[in-house]
Amino acid sequence: MREVVERAMRGDREAFGLLVNATSDRMYAIATRILRDVDLAEDALQSSLITAWRELPRLRDPDRFEAWVRRLLVHACYAEARRKRRWAGNVRVLPVDGPAPGDDMLSVADRDALDRAFRRLTVEQRAVFVLHHHIGLPLVEIAESLGIPAGTARSRLHYATRLLREAIEADLAPVIHQGRMA
Amino acid sequence: MSEQRDFGRIANAWLDLMPSDAPDRAIAAVLKAVETTPQVRPSFIDGFRRSPTMTRIALVAWALLIAAIGAYALIAGAKPPQRTTPSTAPSTAPTAEAGGGALADALRAEWLSFTTENPSLENGAGPVSLTIGPSGVDAIAANFGPGLEYPSTTTAVAGDQFEVVLTRDGRDCHVGDRGTYRWSLSADRSQLTLTSVTESCPKRMIVLERTWARSLTGPTIVGSGVVDSLDPDFAVTLPDDTYATRTLDDFVEIASQAGVALMVFKNPQPFVDACSTNEERVPYKPGADAFVAAFRANDAFDVSATEELTVGGHRTLHVNIGGKANYARCPGQPLYLYTPRQCLCHFIVGQGDTDSTYLVEVGEDTFMLIVSPINSPGERTIIDSLRIPFDLPVK
């Protein structure tokens, strides 16, 4: 990997293509989860990879390529989220293609509750939540990766987790209530 | 359902719902952009940041010494006429501008055309495109065939002319080949006609010299153009602004920074139950009347103000479809509306919200249009500008 990164740093487009193929799925997965929009995620992926190509000669440690490009991606997600594209008024498309899976772990109510609560988070809080829960990065690494203090990463994760947990619990309440009434 | 559910597992299951495979088109777009994007070489400052600490100290000391000498010279030889600092005499216009400049912003777009079979290019008939970069100075053709992309820098050389310089060897042409083209835009700026003035790469001339239609599915600052992501292509005129689009199967949304947006659905198919995420669909029946009837039969929705009109020569129904406020079966929840027939997606509306919907019948197909802001003064103008099907310029 290091050798490929070094070739790309010297302007080898073929080597960069290998890096794109090796990392783009993971990056796209992060972007779709932060932005909850496949089109915005695609834009963020493209802009961060093109920035990566342009800035690659400035990368200090070739072994840190993936962390570096992940940081570019998260910042591209911030930019996409703030472009404030205003999609048409009342009709909205849900972010997930296809019907909800029949997963016992995740009820339809959970899914809707999480969708709604997640949209109330700032994009910075979303990023920390996704990097922690989906990628599995420890907080210290998230902080380092995003260039923020560890305390800030911790408080963002705490706030996001609390809000999403409350959303699920609030959603659960009327179901139990209805059950009792029945 | 247990109340002691594991939040982490639920969160992970929910996060796993989103797609994880980067679309091939996104990767292809990156690799294409990289072909014409130069890398930034490390600057002095980067080198400085990367230098070992002792080297940095030495550099800082050296810089301070230079500054001190300069300051001494300035103070000691204080007579203004003898200063050796840079002259402040007015300069001429920058040479870059004298030699040429940036293209008109209205040219920066993706342009579409339809090429006939051409033996000299050895290409078949089909849609082709020309991208004049939104963020750079490059033009590149697509879909003519291998070697016929002719990526070139573009520089304005006169009010209605630009020069192209090939940046990569193409079929029968070489890096540095130059050409000059005269351009003209149609009155609504939806079409661009390129005419060769000079050209050292004859095949590039065959590729470029034609009339092109502005694509609204690429970045553009002009709102009049063609959408080719649905079948058939259609043309529409939106107010001038910077636009971005998103597409799903048989769905496109074109939205401006100012908040004007057009959503187009092909063959919308209602859901049976507005409260259910099972997304069972009403059996598809073609035509606007069948679509409206399905909503009239659904007590989750209000259907009002049906009006029959003609848009682009096609029978059209204008109807307001809204989610009932405080719908008792699923209070507070968004209501499931419809999906394009060929799309595995689902559109929802909030309870109490209404959309102004135009159903345009084009042969066997129904195209549904929604303009945002809802019921704005410009809504009917946008709808009336629809031309479907739209034939791309042919050469």
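Chain letters run A, B, ... following the sequence lines, proteins first and then strands; every chain starts at 1. This structure is a prediction, so every number in the text was calculated from the model and none was measured.
A tilted orientation is assigned to the rings of A/His133 and A/Phe129, their planes being inclined by 30° to 60°.
Proximity of a side-chain donor or acceptor of A/Gln46 to a complementary backbone N or O of A/Asp43 within less than 3.5 Å is not detected.
For the pair A/Glu144 and A/Arg71, the salt-bridge criterion is not met [side-chain N within less than 4.0 Å of a carboxylate O]. Salt bridge present: A/Asp115 and A/Arg36 bring a charged side-chain N and a carboxylate O closer than 4.0 Å. Under the 4.0 Å criterion applied to side-chain N and carboxylate O atoms, B/Lys32 and B/Glu35 are not assigned as salt-bridge partners.
Under 3.5 Å, the side chains of B/His318 and B/Ser356 contain a donor-acceptor pair of N or O atoms.
Ring to ring, B/Tyr336 and B/Phe347 are not that close: their centroids are 6.0 angstrom or more apart.
Using a 4.5 Å heavy-atom threshold, the side chains of B/Phe291 and B/Thr366 count as separate.
Contact annotation for residues 12-26 of chain A against chain B (heavy-atom separation below 4.5 Å, listed by residue number): A/Arg13, A/Phe16, A/Gly17, A/Val20, A/Asn21, A/Ser24, A/Asp25.
Heavy atoms closer than 4.5 Å to chain A are found nowhere in B/Asp249, neither backbone nor side chain. In this structure, chain A has heavy atoms under 4.5 Å from both the backbone and the side chain of B/Asp21. Of the two parts of A/Thr161, the backbone and the side chain both hold a non-hydrogen atom closer than 4.5 Å to a non-hydrogen atom of chain B.
Taking chain A as the reference chain and counting heavy-atom pairs below 4.5 Å, the highest number among B/Ser276, B/Ala33, B/Gly8, B/Pro38 is found for B/Pro38.
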